[in-house]
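Input: a single structure, listed below in structure tokens.
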There are 2 protein chains.
Amino acid sequence: MHDVAAAAGVSQATVSLVLNSASGSRFSEDTRRRVQDAVDRLGYRTNAHAKVLRGGVAGMIGFVGDFVASSPFAGRIIEAAQDRAWESGLLLLTVNTGGDRALEAASLETMLSYKVAGVVYASMYHQLLDVPEVLGEVPSVVLNSEDRDGRFCSVAPDEEEGGYTATRHLIAAGHTRIALINNDVLESGLPAAVGRFAGYSRAMQEHGLEVNPDFVRFGHGAEPDGFEHATSLLTAACRPTAIFCGTDRMAWGAYQAAATLGFSIPSDLSIVGFDNQETLAPHLRPALTTLELPFEAMGRRAVDLVLQGTEPEGRVELMECPLIERNSVTHPKEMP
Amino acid sequence: MHDVAAAAGVSQATVSLVLNSASGSRFSEDTRRRVQDAVDRLGYRTNAHAKVLRGGVAGMIGFVGDFVASSPFAGRIIEAAQDRAWESGLLLLTVNTGGDRALEAASLETMLSYKVAGVVYASMYHQLLDVPEVLGEVPSVVLNSEDRDGRFCSVAPDEEEGGYTATRHLIAAGHTRIALINNDVLESGLPAAVGRFAGYSRAMQEHGLEVNPDFVRFGHGAEPDGFEHATSLLTAACRPTAIFCGTDRMAWGAYQAAATLGFSIPSDLSIVGFDNQETLAPHLRPALTTLELPFEAMGRRAVDLVLQGTEPEGRVELMECPLIERNSVTHPKEMP
DNA sequence: CATCAGAAGTTATACGAATAACCTATGAAG
DNA sequence: CTTCATAGGTTATTCGTATAACTTCTGATG
């Protein structure tokens, strides 16, 4: 900047004021032009560090995730957060810890020493997290999970509402014998599993349908679970006309089971998934009706809250999981 | 740091020297302890911006991608780059431009004003890129693509070798009638398409097998292409005993075609894919033998080159695509 | 006793930008 | 002719750290 000043024949202060001051015509047109020319000629670029050093806060937000970046699932969450940050002129300093607490601590220290404007602390799936204390030093938001101690506010999918929406969609299509293949509720205790099950139960009860214990199955999210439970359900004496699967991958397993047993989807069996995995759900035959995890919305909202700064403690903001209608649901056939 | 100095009853310079100097015992043990105590008590953390301002280069590397972060494909490339950077104590400043050149230019400017140690310029798929000139100001490497003007060095998958490996694997299993369903070579001109086709051709010729034009099909990478071409190939008078598919998704389409026509994989038809998409290839039945795009290796290598700094101009470093053997390849049956 | 080497710190300054406070013509008003 | 407002700048200082150069003291040596 001193070089620019010299080239333009003015003082460094003048250059700074010309370049930054939105406040009217403090300087003559001539001076402004000379400064601008010098800037262009010398290819001057401001040094962000000097600016931060003086101003206090950097134009960066920290994004710390466990496996978020590597997960095909949630990569979009980073993109959304970054988009939102950029709209406010901020860049994202991202770290994928891979679950390594030491790396996590070290990179948080580094981020804080870079005076980030705030931190988004994200997880690959909806769970209860032990959030590092150090995040208290700066506006921080937990993303796609919740703070176990309730000190930080968080943004997460509304699993219960999602389970309710999925089940009600099947009920609305005329189904009454609706099975659930879900992640294990007791074993995992995950909000995702617990919430979806609760939503399923609520929808059934609200519509006067009994939750048949034989129709509620638990797995671990992968397609073999879907395959086995669906096979068992479809070969039982009293078989369901629809299955709500807690993950798209288990839904895929159910598809394979149906194909193996000669049941046709959706005419013999309706299926609703969960996750709207873009590499899977739209490509199944028939394309899978499922619920979308609102990654974009959550990523944006988390940055919103960070920028807002002064958040009420520990509030959990639940975001709606929209139903993505495709071709795996129809009316049940009349059955004996 | 002045506060720490005051609390420890020494000068600021002493604090700085005690905290940084690896160079032996310049200070008494007592002083060191007092400084360290003060640091701990006050929770002092160094200001990275002041450090950079004095030292010149920041502990950050810029990572600019088009759609990399959102692609389920290549998210791991970021993780690998970040891991490698962190091993050298650097953080990644990531931006996903979504193909927006204005955003790209703006974020590059911002990165440069943050004095990044270098920039990794990544693309979602292997293509020839117009790399922004401004990257010349700092050590930069093109990742998963190549610089059209050959000024920057780049790291990309060795598509030709990959196509060769896949084809030779089928030949080694005893196949001679090997079809190719590839991305369109002429239309796209993509290194991925051109290279894999070239590798296929070379393997065939080297083993004295003729490339049958009827056996070479072009699509656009999605599973309907695989489905249609495989259907056509399998219903022809002279049908192949193996298909090499240029993408896993087209391989999936081929699976569906085979199932529809009553061909069993691998006993009636062997298939090799490309991409090793983790959400697809291992989960198909039978699990798909395919080639892996070396995202981790490339991501690490790109950061290596950036840190190395002084690279020969325009060198393209091709990285091997390893064969991932699963269950979709076996010997051909004796056929009439 | 003069001299000197080393140990243990301190002082002063630079990095690059922002900004409060100050300076100096110029012309207009009283 | 004095006074003074204003346009159009400049000077000096601040942010937090690193480090070259300097100081001071202590004990040892010839």
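All heavy atoms count here, side chains included; hydrogens, waters and symmetry mates do not. Lettering follows sequence order; numbering is per chain, from 1.
Side chains of A:Thr94 and B:Thr94: a donor on one and an acceptor on the other come within 3.5 Å. Side-chain contact check for A:Thr46 and B:Ser113: no donor-acceptor pair (N or O, by modelled atom type) lies under 3.5 Å.
Applying the ring-ring contact (aromatic ring centres under 6.0 Å, His included) definition to pairs two or more places apart or across chains, those involving residues 30-68 of chain B are A:His49-B:His49, A:Tyr114-B:His49. The stretch residues 133-145 of chain B participates, sequence neighbours left out, in these salt bridge (Lys or Arg N to Asp or Glu O under 4.0 Å) pairs: A:Arg45-B:Glu137. Applying the salt bridge (Lys or Arg N to Asp or Glu O under 4.0 Å) test to pairs two or more places apart or on separate chains, none has a residue in residues 46-59 of chain A.
Rounded to an integer number of Å, the gap from CG of B:Asn20 to C1' of D:dT19 is 10 Å. The NE2-P distance, from A:His2 to D:dA12, rounds to 12 Å in whole Å. Between the CG atom of A:Asp3 and the P atom of C:dC15 there is a distance of 10 Å, rounded to whole Å. Look at CE on B:Met1: it is 14 Å from C1' on D:dC15, rounded to the nearest Å. Straight-line distance from the CG atom of A:Leu19 to the P atom of C:dA18: 8 Å, rounded to whole Å. Protein atom CG of B:Leu17 is 10 Å distant from nucleotide atom P of D:dA20, rounded to whole Å. Following rounding to the nearest Å, B:Leu42 (CG) and D:dG16 (C1') show an atom-to-atom distance of 15 Å.
Contact annotation: A:Thr31 reaches the phosphate of D:dG9 (side-chain N/O to OP1 or OP2, under 4.0 Å). Contact annotation: B:Thr14 does not reach the phosphate of C:dA8 (side-chain N/O to OP1 or OP2, under 4.0 Å).
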Got a list of protein N/O to nucleotides 23-26 of chain D N/O distances below 3.5 Å?
none

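The side chain to side chain contact (heavy atoms under 4.5 Å, CB included) search around B:Asp30 returns B:Ser28, B:Arg34, not counting sequence neighbours. With sequence neighbours left out, B:Glu292 forms a salt bridge (charged side-chain N to carboxylate O under 4.0 Å, His left out) with no residue at all. Partners of B:Ser154 by side chain to side chain donor-acceptor pair (under 3.5 Å), not counting sequence neighbours: none found. Scored by the side chain to side chain contact (heavy atoms under 4.5 Å, CB included) test, A:Ala13 finds A:Ser11 as partners (sequence neighbours excluded). In this structure, the side chain to side chain contact (heavy atoms under 4.5 Å, CB included) partners of A:Leu307, at least two apart in sequence or on a different chain, are A:Ile61, A:Arg84, A:Ser88, A:Leu90, A:Val303.
With C:dA18, D:dT11, D:dT17 as the candidates, the nucleotide lying closest to the side chain of A:Ala13 is D:dT11. Ranking C:dA18, D:dG9, C:dT11 by closeness to the B:Ser11 side chain, first place goes to C:dT11.
Contacts between residues 43-54 of chain B and DNA chain D, defined by a heavy-atom separation below 4.0 Å, involve B:Tyr44, B:Arg45, B:Thr46, B:Asn47, B:Ala50, B:Lys51, B:Arg54, listed by number. Contacts between residues 105-116 of chain B and DNA chain C, counted as heavy-atom distances below 4.0 Å, involve no residue at all.
Residue contacts shown for A:Val15 are absent, as no nucleic acid heavy atom lies under 4.0 Å away.
Partner of B:Arg300 under the side chain to side chain contact (heavy atoms under 4.5 Å, CB included) criterion, out of B:Asp83, B:Leu305, B:Val155: B:Asp83 alone.
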Scan the side chains in residues 138-145 of chain A for donor-acceptor partners under 3.5 Å anywhere in the protein, sequence neighbours excluded, and list what turns up.
unit_1, atom_1, unit_2, atom_2, d
A:Ser140, OG, A:Leu135, O, 3.0
A:Ser140, OG, A:Val138, O, 3.1
A:Asn144, ND2, A:Ser123, O, 3.0
A:Asn144, ND2, A:Met124, O, 3.2
A:Ser145, OG, A:Tyr125, O, 3.0
A:Ser145, OG, A:Gln127, N, 3.1
A:Ser145, OG, A:Gln127, O, 3.4

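Side-chain atoms of A:Gln12 come within donor-acceptor range of the base of C:dA18, with a qualifying N/O pair under 3.5 Å.
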